[in-house]
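The chains referred to below are lettered A, B, ... by the order of the sequence lines, with proteins before strands, and numbering in each begins at 1.
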Amino acid sequence: MAEFFAETWALPAPAAYALAGLIHCALLLGIVATGAMGFIWLERKVSGRIQDRLGPTRVGGKFGWLQSLADGIKLLSKEDLAPQEADRLLFRAAPYISFSASYTAYLALPFAPGWVAFDTNVAVFFILAVLGLEVFGVILGGYASGSKWSLFGAMREAAQVVSYEVPLGMCVAIPVLLTGTMNLTTIAQMQAGWFTNWLIFHDPFTFVAFWVYAACALASVNRAPFDLAEAESELVAGFLTEYSGLRWSYFFMAEYGSMLLVGGLAALLFFGGWNGPVPIFHSLGWAYAPDETAWRLTGFLSNLAGCMNFLTKAVLGVLVMMWARWTLPRLRIDQVMSMCLKYCIPLAAFCFVGVLGWQALGVASPNDWLPAARGGAIAVRETWWWQEAAAAPAGRAGRGDESGVGADTGDVVGGTARRARIAEGAGGAG
Amino acid sequence: MAVDQTLVDKLRTRFGDGVRQAQLEGLDPWVELAPDVLVDVCRFLRDDPDVACDMLNCVSGVDFFHADPKKAAKASWQPHVALVYHLSSTRTKERLVLKVTLERWKSGVPGEPPEVPSVCGIWRGANWHEREVFDLMGVRFVGHPDLRRILCPEDWEGYPLRKDYEPPQYYHGIRDH
Amino acid sequence: MATIDDARTVECDVRTDEMLINMGPQHPSTHGVLRLLLRTDGEIVSWVEPHIGYLHRCAEKIGENLTARQWVPYTDRMDYLAGMNMNLGWALAVERLLGLSVPDKVRHVRVLMAELNRIASHLVGMGTYGLDLGSFTPFLYAFREREKILDLFEEVCGARLTYSYIVPGGAAGDLPGGWLDKCTRFLDEFWPVIDDYHTLLTNNAIFIKRTAGIGVLPAALAIEYGCTGPVLRGSGVDQDLRRDGDAWYTAMYRDYRFHVVVQKDGHYPQDHAYPAVPAEAVLGDSWHRYYVRMLEVVQSVDIVRQALEKYQAAEDEWSTPIKVNHRLPEGEVYLETEAPKGQMGFYLVSDGTAIPWRTRARSSCFANLSVTSELCQGCLLADVPAIVGSLDLVMGEIDR
């Protein structure tokens, strides 16, 4: 986009980048903020339906949209209280840390081919790393509140989230292993075609890995049955005990933001991203080819539909989280931890090794058994492993010094050249 | 085994004069005990296989006192505080009532609770019941592990279920209506 | 060096400071204004002390200033989730003193009300227990059905919570026309819903993980502390006053068939298809206390069905309750009844006037709560609500 500004309006490069950045931020903020509002509305509706309650299904204007608005006004007009015992500075900063972590992670989240604020080739890594920072806000909030309940919530959050990052990372590594890239756009594009090409259906291990990912994602965003940091019935409200009004709602927005984010990540990594179950736009020839950048209407429409597709999948993920929340009792902290250490990590590791073996042995995935479905797919799962091995000695030597995470890799290049870039990106990040 | 002549005889032979009187008529027959044998009798009632009163259902204090001298003159009793222990057996499903009569105030000094041995050593559940009686009726249970007020605030004055209790006008500056 | 076979040993070795925490009186899962003082070492609770009295309303003192009939509204404010059973306990105690027995028609209506209210109370117990464990939905499902029971009560006596319907000498009025059909319809609707509850909680893997083996109350300890009701039966003690109580009370249920829900010889009554007891559950743990309540609901539905039939068959007249200033004979009476939460006892000493000399309410929850300190020792912080919730407390009854 920056190039576009620079070319059409003849802006100097820094100004063009700043403008583009601002527009990206504004768009994403719109998505996160209205998303949170929408999700509060949705949560109310879903819980109302699940719990057979009349109120949320009747109140608040047409479809209850006024209810979220009223909620927002109420939160805005509440007094901004900080307890006397609290560490004022940290107490006030904590919600912003939490929210900005959740919001920053959106930078690397592609909504459609090319529709991403920061198309980095370590997007997966970036999102996990930045999302992991959210826990700081919670720990600080809990610690700075000067309340014992908050402290309990913060400690639980620290133990839980940090532990669950491990299996979560392992599960996320599996699609990365399969596609050979950390670039989310590429990962999604590799799953184009029929739904059989989605990574969740790639082999039994990815299928299991997705469920482990779902559990770990639920745990890392603090949703029931893993909402131990809040644990209303035990810790009053955990780290949120002393928060009110807008600051409280920042935590809330961060929570909903993260929910959508992990939902979107699941869609990108396991469910084909913006690719629908049937490759309509590919067969029409509207969809952008991976290396195409010029604007055209059919491509835009295809992207729009893809974006809708992606959002639908992400929101479905969020809906499942809500469903779980309104159905299941809460686990106990020791059970949560033992679930992570005894089940999630071994299972994720097992899946990782399984996928590795599957790839190494070149076992066919369902998509390969359906010759009719293969058409739309980009032939990415070629035996890159062997190619890489053959190309390595020559390639590595030449590439050693030109690495860098920020290197612009917005365009997607297939084949060995792309592999090379990945290796380079990972090397730079590592 | 409910309270009947056999039980009373059994108790009399064991505890002699500790068994003050027994009423076998009426809805709930009862045995009145001297305070000093209370614990022993309770232990006997719990451990005796025929009685096996393993559960203490309730400890109640009753204040017999008329503030009005005219009524007091007509009353058939001398002012006293009665403790009523309702026991039951989960095995035989029988119920038993024990009574202990105490003077209203220890050595006649108003405000000084009379004393009676605690039965906490026999039924641990007696702990709270005795605390409640102490709190509301003003009876000191000797040997109770943790005799504090339970329903009223810890700095409350007086024993509300006494017939001559006057509610305070002010409590921490809050006026009573 | 000693071998470490318990995580707590490590906690003791690595000495950390203990923290005192107040759980309550304003806490979401202390069921009202209960205050638990916890001493915790990390997540492990080493000591718990309940503090009560925040809802103390001197009901017993008030009873010494009102006549027996006038005190009825004060009784249903004790266990406000089972007002009918509270009214019934007081009414029966007063009637026992008066030697006044009620006609069969009234008796069956009383059984109807008592058992319907038992269902309602157990539903709240079940629902709030779900809430204590972080499961929100069973609570609302329970309240949905409870609403229907309250609707039935409202039609009978005009009140939804504090009924004052069952009074000494009878009940405030006969059932309105069409009520029996509504009640039957409710039972028919309610029957399949019980399976939903079992699906949502009883058989839920997380629920079992959270409750089975937690807060094990051995039978001997339960008896020693005077625990009654589902808490006692959950520990495997076969006692239900509807069968084992005073003759004056059991006469009310004399021609009813029902099972006392208790695990005997390793299994619960099998008159209906109940969910199986999970392997992790230990007799006397929180899961069993919960389970006993759920099964009692089924028994109560059976009793209500019988009561509906018997009421229709009863041919005698409706009785008139005692007058407000009805003079009580001199003497004393103590009667315990099987309220939903345990044995509710009323002790009445009369000096021969209309106003009782002493009224005393023996609260079941009071005794059930007193065992908390024993149960919670060494448990985790999250187990405290799981244990306290399984005792199904109502502070109105504890504090009176």
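The candidate from C:G226, C:G53, C:S370 with the greatest count of non-hydrogen atom pairs under 4.5 Å with chain B is C:S370. Between chain C and the options B:D135, B:L56, B:V59, B:N127, heavy-atom pairs under 4.5 Å are most frequent for B:V59. The residue among B:R148, B:K163, B:H129 with the most heavy atom pairs within less than 4.5 Å of chain C is B:K163.
With a 4.5 angstrom heavy-atom cutoff, C:V333 touches chain B via backbone and side-chain atoms both. Residue C:L232 touches chain B through its side chain alone, counting heavy-atom pairs closer than 4.5 Å. Residue C:R400 touches chain B through its side chain alone, counting heavy-atom pairs closer than 4.5 Å. With a 4.5 Å cut-off on non-hydrogen atoms, C:C58 does not touch chain B at all. The parts of C:L369 that come within reach of chain B are both its backbone and its side chain, each placing non-hydrogen atoms under 4.5 angstrom from that chain. For C:E374, the part lying near chain B is the side chain, with the backbone staying farther off; criterion is any non-hydrogen pair under 4.5 Å. Contacts between B:D63 and chain C at a heavy-atom distance below 4.5 Å involve the backbone alone (N, CA, C, O).
In this structure, C:R77 places its CZ atom where more than 12 heavy-atom neighbours from other residues, nucleotides or ligands lie under 6.0 Å away. The number of heavy atoms from other shown groups lying within 6.0 Å of CZ (C:R327) does not exceed 12. Other residues, nucleotides and ligands contribute at most 12 non-hydrogen atoms within 6.0 Å of the CG atom of B:D17. Around atom OH of B:Y159, more than 12 heavy atoms belonging to other residues, nucleotides or ligands sit under 6.0 Å away. Residue B:E157 places its CD atom among 12 or fewer non-hydrogen atoms of other residues, nucleotides or ligands, all under 6.0 Å distant.
Heavy-atom neighbours of chain C within the stretch residues 74-87 of chain B, taken at a separation under 4.5 angstrom, comprise B:W77, B:V84, B:H86. Within residues 115-125 of chain B, the residues approaching chain C closer than 4.5 Å by heavy atoms are, in numerical order, B:I122, B:W123, B:R124, B:G125.
To the nearest 0.5 Å, atom CG of residue C:D244 and atom OG of residue B:S89 are 10.5 Å apart. Rounded to the nearest 0.5 angstrom, C:I52 CD1 and B:L151 CG are separated by 5.0 Å. Distance check, rounded to the nearest 0.5 Å: NZ of B:K93 to CG of C:D246 gives 14.0 Å. Separation of atoms CD (C:E60) and OG (B:S60) is listed at 8.0 Å; rounding is to 0.5 Å. Remark: B:W128 CH2 to C:S373 OG distance equals 6.5 Å, nearest 0.5 Å. Atom OG1 of C:T228 is separated from atom CG of B:N57 by 8.0 Å, given to the nearest 0.5 angstrom.
C:R358 contributes a side-chain N or O that, together with a main-chain N or O of B:G61, makes up a donor-acceptor pair within less than 3.5 Å.
No side-chain heavy atom of B:L27 sits under 4.5 Å from any side-chain heavy atom of C:W248. Side-chain atoms of C:E49 and B:D146, non-hydrogen and from C-beta on, do get closer than 4.5 Å to each other. Using a 4.5 Å heavy-atom threshold, the side chains of B:C58 and C:Y334 count as touching. A 4.5 Å side-chain heavy-atom check between B:L136 and C:K61 finds every atom pair outside the cut-off.
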- Task: Take C:Y347 and B:V97 through the test side chain to side chain contact (heavy atoms under 4.5 Å, CB included) and record every step on the way to the result.
- Result: CA-CA 11 Å; C:Y347 178 51; B:V97 185; 6.0 Å; no
- Could you walk me through whether B:E132 and C:R360 pass salt bridge (charged side-chain N to carboxylate O under 4.0 Å, His left out), step by step? CA-CA 12 Å; B:E132 188 186 338; C:R360 167 93 167 104; 3.1 Å; yes
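Taking the six-membered ring where the residue is Trp, C:W357 and B:H66 present perpendicular rings, their angle passing 60° and hence far from 30°.
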